[in-house]
Amino acid sequence: MSDAKINPYVALAIGVISVSTSAILVKVSSAPSGVIAFYRLFFSVLFMLPVFLIKYVPELRLITRRDWVYSLVAGVFLAFHFILWFESLNYTSVASSTVLVTLQPLFAFAGTYFFFKEKFTWKAILSGLLAIGGSVIISWGDFKISGSALFGDILALIACALVTAYLMFGQAVRKRLSLITYTFVVYSISTVTLLLYVLIVQEPLLPYATSDWVYFILLALIPTLLGHTLFNWSLKWLSTSTISMAILFEPVGAAVLAYYLLQESVVWTQVLGGAIVIGGISLFLLDERRLRMKELKKKTTISG
């Protein structure tokens, strides 16, 4: 991490705070899920376009066929992650949806082990289970025993698996491409995917109230361009599992915002669960940092 301009863990923290606003902005919008997702990515690509055209177009020639395939898969996964997650918010609460959609360690632990041969200590596994348990406690009082809520929970869980796959494919490409080029390519693929989806299911692209357009732009600026871009930037120095663990902070931030902005009540289970999530994530990040510092020290000793 010595060549990073800012501490990757600081960038990760800012990213988590930024994405915590996503569920709130989606919840207050009156547009269909696919349309919200499309405009979120469309405006993100539009805002990035000038910078990309001025400085990064030549880098497209350096992208290998494998990079294109991985970027395509990552973009499609990201698109359907947004569709399913936004749709889940129509059936279940912000707390329940964000908790389930951020249970990425369940998938990331398995994925990074089988595909990237990444090893985990017993402390990392224990802290991961602790954080997941805290996430479940947050939503325990908010889960509803009904068919619609259960359907929303299932959508959020599938969306969780998709965003984990998106990060895993992104990790393979991000280490070989600049942040702007990788992000622009993947977001563009997601935008096209979402446009095709909206046209197929016949969700109207127009007209919408002025407030909805404001929400679309805010979704592009805060959780996407700031939040997800920081996650993509962090992939160069941090593993998918580390980012997935940190994203477990999102339900805490979303619950606080939902309390103040949407008048969703905060119960003792959310407070207790939030504390457990923070404790579990802290233990994981500390253990991850200890292992990386140990590896760096070992490499320095060998080279010296």
Check your understanding: Going by heavy atoms in the side chains, are Val16 and Phe231 under 4.5 Å from each other?
Key -> yes
Review point. In the single-linkage hydrophobic clustering (I, L, V, M, F, W, Y; side-chain heavy atoms under 4.5 Å), do Ile36 and Leu226 co-cluster?
Key: no
Revision key, fill the gap. dist Glu203:CD -> Ile83:CD1 (nearest 0.5 Å) comes out at 8.0 Å
Exercise for review: Answer yes if the ring centres of Phe82 and Trp85 are under 6.0 angstrom apart, and no otherwise.
Suggested key: no
Check your understanding: Of the non-hydrogen atoms in Pro223 and Ser22, which two are nearest, and what is the gap between them?
Key -> CB-CB, 3.9 Å
Check your understanding: Is there side-chain contact between Phe86 and Pro32, with at least one heavy-atom pair below 4.5 Å?
Key -> no
Review point. Do Phe216 and Tyr39 have ring centres separated by under 6.0 Å?
Key: yes
Revision key, fill the gap. Minimal heavy-atom distance between Thr191 and Phe42, with the atoms involved, is OG1-N, 3.7 Å
Practice item. Indicate yes or no: at least one non-hydrogen side-chain atom of Val26 is less than 4.5 angstrom from one of Val94. Key: no
Review point. Trp68 and Val192: same hydrophobic cluster, using ILVMFWY side-chain contacts below 4.5 Å?
Key: no
**Study point:** Euclidean distance, Ile154 CD1 relative to Ser88 OG, rounded to 0.5 Å
**Key:** 11.5 Å
Practice item. For Glu87 and Leu155, work out which heavy atoms get closest and say how close. Key: CG-CD1, 3.8 Å
Point to revise | Non-hydrogen side-chain atoms of Ile189 and Val186 separated by less than 4.5 Å | key: no
Study note, to complete from the structure: In short, Phe184 meets Met48 closest at the heavy-atom pair N-CE, 3.6 Å
Check your understanding: Rounded to the nearest 0.5 Å, how far does OG of Ser29 lie from CG of Leu218?
Key -> 11.0 Å
Exercise for review: For residues Ser33 and Asn90, report the shortest heavy-atom separation together with the two atoms involved.
Suggested key: OG-ND2, 3.3 Å
Check your understanding: Val35 versus Tyr208: any side-chain heavy-atom pair under 4.5 Å?
Key -> yes
Practice item. Given side-chain contact (heavy atoms from CB on, under 4.5 Å), test Leu221 with Phe43 step by step and report yes or no. Key: CA-CA 8 Å; Leu221 291 175; Phe43 282 120; over 6 Å; no
Practice item. Could you tell me the separation between the CG atom of Asp67 and the OG1 atom of Thr64, rounded to the nearest 0.5 Å? Key: 3.0 Å
Review point. Are Leu230 and Val185 grouped together when hydrophobic residues (ILVMFWY) are joined by side-chain heavy atoms under 4.5 angstrom apart?
Key: no
Exercise for review: Apply the test side-chain contact (heavy atoms from CB on, under 4.5 Å) to residues Leu41 and Thr193: give CA-CA distance (whole Å), side-chain angles for both, the deciding distance (0.1 Å), then the verdict.
Suggested key: CA-CA 10 Å; Leu41 271 298; Thr193 303; over 6 Å; no
Check your understanding: Does the side chain of Val256 reach to within under 4.5 Å of the side chain of Tyr260, using non-hydrogen atoms?
Key -> yes
Exercise for review: Verify the cluster assignment for Leu177 and Ile54: are they in a single hydrophobic cluster under the rule of side-chain heavy atoms below 4.5 Å apart?
Suggested key: no
**Study point:** Spacing of CG belonging to Leu49 relative to OH belonging to Tyr56, to within rounding of 0.5 Å
**Key:** 14.0 Å
Review point. Honestly curious: do Val173 and Leu72 fall in one hydrophobic cluster under the side-chain, below-4.5 Å linking rule?
Key: yes
Check your understanding: Between His81 (side chain) and Leu162 (backbone), is there a donor-acceptor pair under 3.5 Å?
Key -> no
Check your understanding: Under 4.5 Å between any side-chain heavy atoms of Leu78 and Phe169, yes or no?
Key -> no
Point to revise | Nearest-0.5 Å distance, OG1 of residue Thr21 to CG of residue Leu219 | key: 7.0 Å
Exercise for review: Can you see which heavy atom on Thr98 is nearest to which on Ala254, and at what distance?
Suggested key: CG2-CB, 3.9 Å
Point to revise | Check: Val28 and Leu261 side chains under 4.5 Å, non-hydrogen atoms | key: no
Check your understanding: Have Ser178 and Thr181 got a donor and an acceptor in their side chains that come within less than 3.5 Å?
Key -> yes
